[in-house]
Number of protein chains: 2
Amino acid sequence: MKYDLTKKPTRGAQRTLESFSTTMIALLSKEPFEKISVNEICDISNFPRATFYNYFDDKFDLVAYCWYVIAQEIEVDQATGLKAETTLITYFDRLYDVFKNNQMLLDNVLQYNDFSGQLVNSFINYFKNKLQEILTKSIDYSKAGLPVELIVDHCSQTVVLVLKWIFLKHHEADKQRAHEYLEKLLNIEHFI
Amino acid sequence: MKYDLTKKPTRGAQRTLESFSTTMIALLSKEPFEKISVNEICDISNFPRATFYNYFDDKFDLVAYCWYVIAQEIEVDQATGLKAETTLITYFDRLYDVFKNNQMLLDNVLQYNDFSGQLVNSFINYFKNKLQEILTKSIDYSKAGLPVELIVDHCSQTVVLVLKWIFLKHHEADKQRAHEYLEKLLNIEHFI
DNA sequence: ATATTGCTTATACAAGTGTCTAAATCTAAA
DNA sequence: TTTAGATTTAGACACTTGTATAAGCAATAT
């Protein structure tokens with residue numbers, strides 16, 4: 001990302017970011033990601049290509065920013081000080097809500113993009129990485145004597161696996177059932 | 001893949017496939033995947049671009065074929081009729097060997113490509129998908145009452161997680177230790 | 001109000017991509 | 001060995017990409 005998201009954006013920058021991300025999200029429901037060109041995004045957003053490249057490295061970068069925007073909608077406090085197991089469930093629930101709130105977008109996207117393609121992958125990975133960051137901070141030892149990093153990766157990928165199963169492969173399940181899946185697969189109490 | 005790998009290739013086709021894949025594998029140790037162009041591959045291999053596109057859709061397609069070639073080196077019989085748990089370990093061991101045999105290539109690749117980038121991902125996913133196919137055939141029920149497809153995905157991704165940990169993140173571990181990781185993370189006997 | 005600074009934009013460039021044609025060449029079977 | 005069918009190839013096409021430059025514009029501080 002060329003644009004620095006930490007500093008507060010000017011009104012203009014806000015409009016630009018918003019415009020590009022809205023256009024991208026709209027296009028994702030209309031054509032496969034690989035057919036979307038920076039030209040098209042700029043034509044629709046009414047900005048010159050040069051402006052696009054002032055903000056983003058490429059369309060992957062923009063789409064990652066879109067996930068960031070979507071994640072913002074929900075993600076709030078950092079919920080510190082909880083024990084690892086609780087943190088995991090807490091964030092699982094939040095991600096469950098993000099996926100649920102964007103079910104429609106996901107459905108549209110899957111009409112044009114492979115389940116295992118780059119686009120869906122970037123979506124999934126965005127949230128997996130978020131979770132990894134969070135878990136890394138809250139897990140610091142392992143009952144089973146396994147390397148912590150390995151456990152963090154394992155938990156994160158299992159969380160998104162369950163979410164994929166429910167929301168991308170359409171095996172609807174309420175939160176309770178989702179917890180059940182997660183607990184059976186993870187056997188959390190075994191290693192943290 | 002434009003070329004049909006099921007029919008037996010003519011001598012010419014064999015030469016062409018071999019030439020392109022050798023070139024790609026060589027280039028992977030010299031520059032990041034995104035810098036590798038079809039033009040460059042063709043120049044080095046001494047084939048015109050048109051020929052490249054007779055065989056492959058794009059460079060992703062070629063690189064997937066490279067993984068196919070690498071997998072061929074090892075993968076032999078289909079080891080049918082074993083119980084699911086044994087199948088899992090059997091194929092884990094084979095993948096362990098594939099990764100070990102290509103340690104040098106992997107090391108080189110990681111000099112130029114992100115651990116989470118497209119290239120490494122395509123490598124990992126190739127083997128994850130293979131394993132999924134195999135496990136799907138050998139697992140048909142679940143002790144824990146979980147959907148079988150979910151279990152298959154979970155096992156496959158955990159297997160490649162351990163291999164990533166050992167061979168891509170360089171936490172060397174012999175097969176025995178690798179089994180230990182796998183068993184602790186998976187708790188196989190809990191659900192199959 | 002004016003100068004300063006920084007972002008936006010028009011335009012151009014050198015490269016790459018994937019497709020298509022028609023001619024040249026190969027190959028496998030009669 | 002010949003020939004019909006398939007494959008390879010040269011060349012061109014319309015399009016995309018990411019970068020660079022210099023002109024234009026807008027907000028800020030003096």
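Note: hydrogens, waters and symmetry copies are ignored here, and every other heavy atom, side chains too, is used.
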Rounded interatomic separation in angstrom, taking [atom1] from [X] and [atom2] from [N]:
X	N	atom1	atom2	value
B:Glu31	C:dG16	CD	C1'	14 Å
A:Asn39	D:dG18	CG	C1'	11 Å
B:Gln14	C:dC26	CD	P	18 Å
B:Asp58	C:dG18	CG	P	5 Å
B:Glu34	D:dG18	CD	C1'	11 Å
B:Phe56	D:dT8	CZ	P	11 Å
B:Arg11	D:dT8	CZ	P	15 Å
A:Phe52	D:dT16	CZ	C1'	13 Å

Tell me what A:Lys2 touches on the nucleic acid: a base, only sugar-phosphate, or nothing, going by heavy atoms under 4.0 Å.
sugar-phosphate

Which residues pass the salt bridge (charged side-chain N to carboxylate O under 4.0 Å, His left out) test with [X], sequence neighbours left out?
X	answer
A:Lys143	none
A:Lys184	A:Glu180
B:Asp97	B:Lys175

Can you confirm whether B:Tyr55 sits close enough to B:Thr16 that some side-chain heavy atom of one is under 4.5 Å from a side-chain heavy atom of the other?
yes

May I ask you to test the A:Phe127-A:Ser156 pair for a side-chain heavy-atom distance under 4.5 Å?
no

Considering heavy-atom distances to DNA chain C, does B:Arg15 or B:Asp57 have its closest nucleotide positioned more toward the 5' end?
B:Asp57

B:Ser21 side chain to B:Glu18 backbone, donor-acceptor under 3.5 Å:
yes

Quick test: give all pairs of protein nitrogen or oxygen and nucleotides 22-27 of chain D nitrogen or oxygen below 3.5 Å, distance rounded to 0.1 Å.
none

Verify the neighbour count for atom NZ of B:Lys8: are there more than 12 heavy atoms of other residues, nucleotides or ligands below 6.0 Å?
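For B:Lys8, atom NZ is not crowded (no more than 12 foreign heavy atoms under 6.0 Å).
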
Using the ring of each side chain (for Trp, its six-membered ring), is A:Tyr65 parallel, tilted or perpendicular to A:Phe56, with breaks at 30° and 60°?
tilted

Annotated protein contacts, base or backbone, on nucleotides 5-12 of chain C with a non-hydrogen cut-off under 4.0 Å, one of B, S, - each:
---BBB--

For residues 100-119 of chain A, the ring-ring contact (aromatic ring centres under 6.0 Å, His included) pairs (sequence neighbours left out) are none

